[in-house]
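Structure, as structure tokens:
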Protein chains: 2
Amino acid sequence: MKQPYKLATARDVADKAEVSVSTVGRALADDPRISAKTKSRVKEVATQLGYVGNLLARQMRGAKSNLIGLMLPDIRNHFYATIAEALSECCSSNGYQLALSIANDPETEARHVTELISARAAGIVIVPTANPKRETQDLLNNFPHVQLLRRIEAYNSAWFGINDEDCLCEGTKHLLSLGHRRIAYIGGSRELSTGKARWKGFRRAFTEMGIEPDHAIEIFGPPSSTRFGADAMNDLLNRPEPPTALITGTIRVTQAILEILHQRGISAPDDISIVGFGDAPEFKWWGQGLTTLCMPIEDLATTCGLWFLFHLDAEKPTHLQHSSLARATLTIRGSTAPLAG
Amino acid sequence: MKQPYKLATARDVADKAEVSVSTVGRALADDPRISAKTKSRVKEVATQLGYVGNLLARQMRGAKSNLIGLMLPDIRNHFYATIAEALSECCSSNGYQLALSIANDPETEARHVTELISARAAGIVIVPTANPKRETQDLLNNFPHVQLLRRIEAYNSAWFGINDEDCLCEGTKHLLSLGHRRIAYIGGSRELSTGKARWKGFRRAFTEMGIEPDHAIEIFGPPSSTRFGADAMNDLLNRPEPPTALITGTIRVTQAILEILHQRGISAPDDISIVGFGDAPEFKWWGQGLTTLCMPIEDLATTCGLWFLFHLDAEKPTHLQHSSLARATLTIRGSTAPLAG
DNA sequence: ATGAAAGCGCTAACAT
DNA sequence: ATGTTAGCGCTTTCAT
């Protein structure tokens, strides 16, 4: 057989129920003009044939798409998993369907954006890569979309993000006020808006506290790689004068360093004070509890989703210069302590 | 403006390039019949207009869909996040696009299945809910799909899963051989194929070792709730005679109990021996390391994806009675020790 | 080497 | 109360 799964069409239902296609359409839509008798017959035949209306055909007739594209760099990151869940919930309760694309480089990103547009999705929620292709930019700027977390200036769209700079600044100040000076920062690439802001926050803490960052150590790397964080941490620990404190700039890095510290039997805050970026549940019970920079990521995603869907439903353009900043906060647990000696 | 984001059609390109629609189609598809000159003109106009072909229209003409539906109960579960990532990667490198649906109850599941079929997805990869509606079953049995992890007998489809029973049996035997008898099992509902198999494995360990399960304690609950695991654990600890060992049957439960134990300052293996289901990265560094039941979940998902896509591409029916069992294994770390006294 | 026309499955305007 | 027809954007005969 060639078509093992051929689905019934309105035509098939019409033939079997001995009415016209339009009667089928109307009966199934509960149009008041159709007699109760015909309706019930049509509905019965439809069920019998397992008829499921073809959304593609409907959309060609002008129905709006129910597909929302979500483009993320990495779904195993707790951060992004939370976003996916929140948006999925949001879409689902508003009649939309989430199409998930994982793209961590500009080429894959371009491909997926093209595909989503080609499928005439209703809109795209995107955490952009660091340097999107020109092509991607042109496409997106003529298509409903929102940026989440990371922000590309060239996009004429709304953005929902975190006050990354303040957040890192607060965390760093905490370490400085405990007397630490040889503080290391391991964060994401400064090519990302988030990576850049977080790094600026780290620097600003020194400035605002009037301390020269002479002994600060800064390491940057790809945000979605566990490997990078591990390597950076090992490098730090192998130095003749390892830092007395460390603050991280991505969740993946936080997870990586926790594992390395555990492997090497180094404990916080005795050997080193740690402020971890992000708030995965397990951070609570790492050692004596990890001091973390927590962000209301679920709220952020839900807000973003609701705003976006509202605008789509209202057929308002989504490129109003809207931007929304969620406040991240420092949660102090056991991994940070005053500098000994 | 009514259509803030109107995309160009082949018609628009044709008009501007002063050719017919069919020439546009052929030029863009690099049909050899079109002259090089015309081709380049058409392509230029297309780029200029930001033309992106309408996939819906193509599919109506018979092109096959590139959409694969993935239905999961819970994306924040590390287990399922891994699956989503693996399948996304798999789809992406075979020209497919992943549509993610989170459904944890039969109604939502039915809705999402209908939507995916209505959108004429190419196929569905599903981790079914415990008791799918009859409607869902009928729909799926006439639509290309595979079952992942959980298995519904009524589906005439292939299944890719884990040897749940052996896995729990092995973990339980480990505890029994350490001398434990008052062993608690906290697992997922036995209405799920997985929950049932794991429970049977727990029981079988006693049988095979010739030990009466007089002192075994069994607690079952919803698999995607963190709350349930926490409550169950607290209940156990508040008993006059708490168990000396515990084995869990879902990742969520494992995560929940680790947090409770940490909160209450109870440590393994001194106060209680623990075998945790699943292998989230943080389990390595809980206390002195958690003894876990590890499953090759990424491999499983990839295998499943490759098999499914291959069958879709070949237009083979996917309901060949294929089933694939991945082996889970016990990794012994610091949380289990011989029963004292 | 290119154009005209049919048709995929559906809905809505226009008959009857 | 129901049928007929046109057309959404595309590909694919079938003409020229």
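All chains are named by letter (A, B, ...) in the order of the sequence lines, taking the proteins before the strands, and each is independently numbered beginning at 1.
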Exercise. Just the endpoints, please: which first and last nucleotides of DNA chain C, 5' to 3', lie under 4.0 Å from a heavy atom of chain B?
Worked result: C/dA1 to C/dG9
Seminar exercise, completed: Assign each of B/Pro32 and A/Arg11 the nucleotide of DNA chain C bearing its closest heavy atom; nearer the 5' end lies the nucleotide of B/Pro32
If you take any heavy atom closer than 4.0 Å to DNA chain C, which residues from [range] end up in contact?
range: residues 35-44 of chain B; result: B/Ser35, B/Thr38
range: residues 46-68 of chain B; result: B/Met60, B/Arg61
range: residues 14-27 of chain B; result: B/Val19, B/Ser20, B/Ser22, B/Thr23, B/Arg26

Flag the pair [X] / [Y] as yes when at least one side-chain heavy-atom distance between them is below 4.5 Å, and no otherwise.
X: B/Ile68; Y: B/Leu309; value: yes
X: B/Pro132; Y: B/Tyr155; value: yes
X: B/Gln147; Y: B/Ser193; value: no
X: B/Val113; Y: B/Phe143; value: no
X: B/Gln59; Y: B/Asn66; value: yes
X: B/His145; Y: B/Asn156; value: yes
X: A/Leu149; Y: A/Tyr80; value: yes
X: A/Leu306; Y: A/Cys90; value: yes

Seminar exercise, completed: In whole angstroms, the gap separating C1' of D/dG9 from CD1 of A/Ile117 amounts to 17 Å
For this session: Check the distance between D/dA1's P and A/Arg33's CZ and give it to me in whole angstrom.
Result: 10 Å
Exercise. Got a salt bridge between B/Asp12 and B/Lys16, using NZ or NE/NH1/NH2 to carboxylate O under 4.0 Å?
Worked result: no
Exercise. Can we say B/Asp105 and B/Arg111 salt-bridge, meaning some charged N sits less than 4.0 Å from an Asp/Glu carboxylate O?
Worked result: no
For this session: Return the set of residues passing salt bridge (charged side-chain N to carboxylate O under 4.0 Å, His left out) with A/Asp15 (not counting sequence neighbours), or none when no residue passes.
Result: A/Arg11
Exercise. Do B/Glu109 and B/Thr136 meet the criterion of a side-chain donor-acceptor pair at a distance under 3.5 Å?
Worked result: no
Problem set entry | Angle between terminal axes - the helix from C/dA1-D/dT16 to C/dT16-D/dA1, 5 pairs each end, rounded to 10° | 50°
Exercise. Does any N or O in the side chain of A/Arg150 come within less than 3.5 Å of the main-chain N or O of A/Thr194, such that one atom is a donor and the other an acceptor?
Worked result: no
Exercise. For the side chain of A/Thr303 and the backbone of A/Asp299, is there at least one donor-acceptor N/O pair under 3.5 Å apart?
Worked result: yes
Problem set entry | Interatomic distance, B/Ser101 atom OG to B/Ile75 atom CD1 [nearest 0.5 angstrom] | 11.0 Å
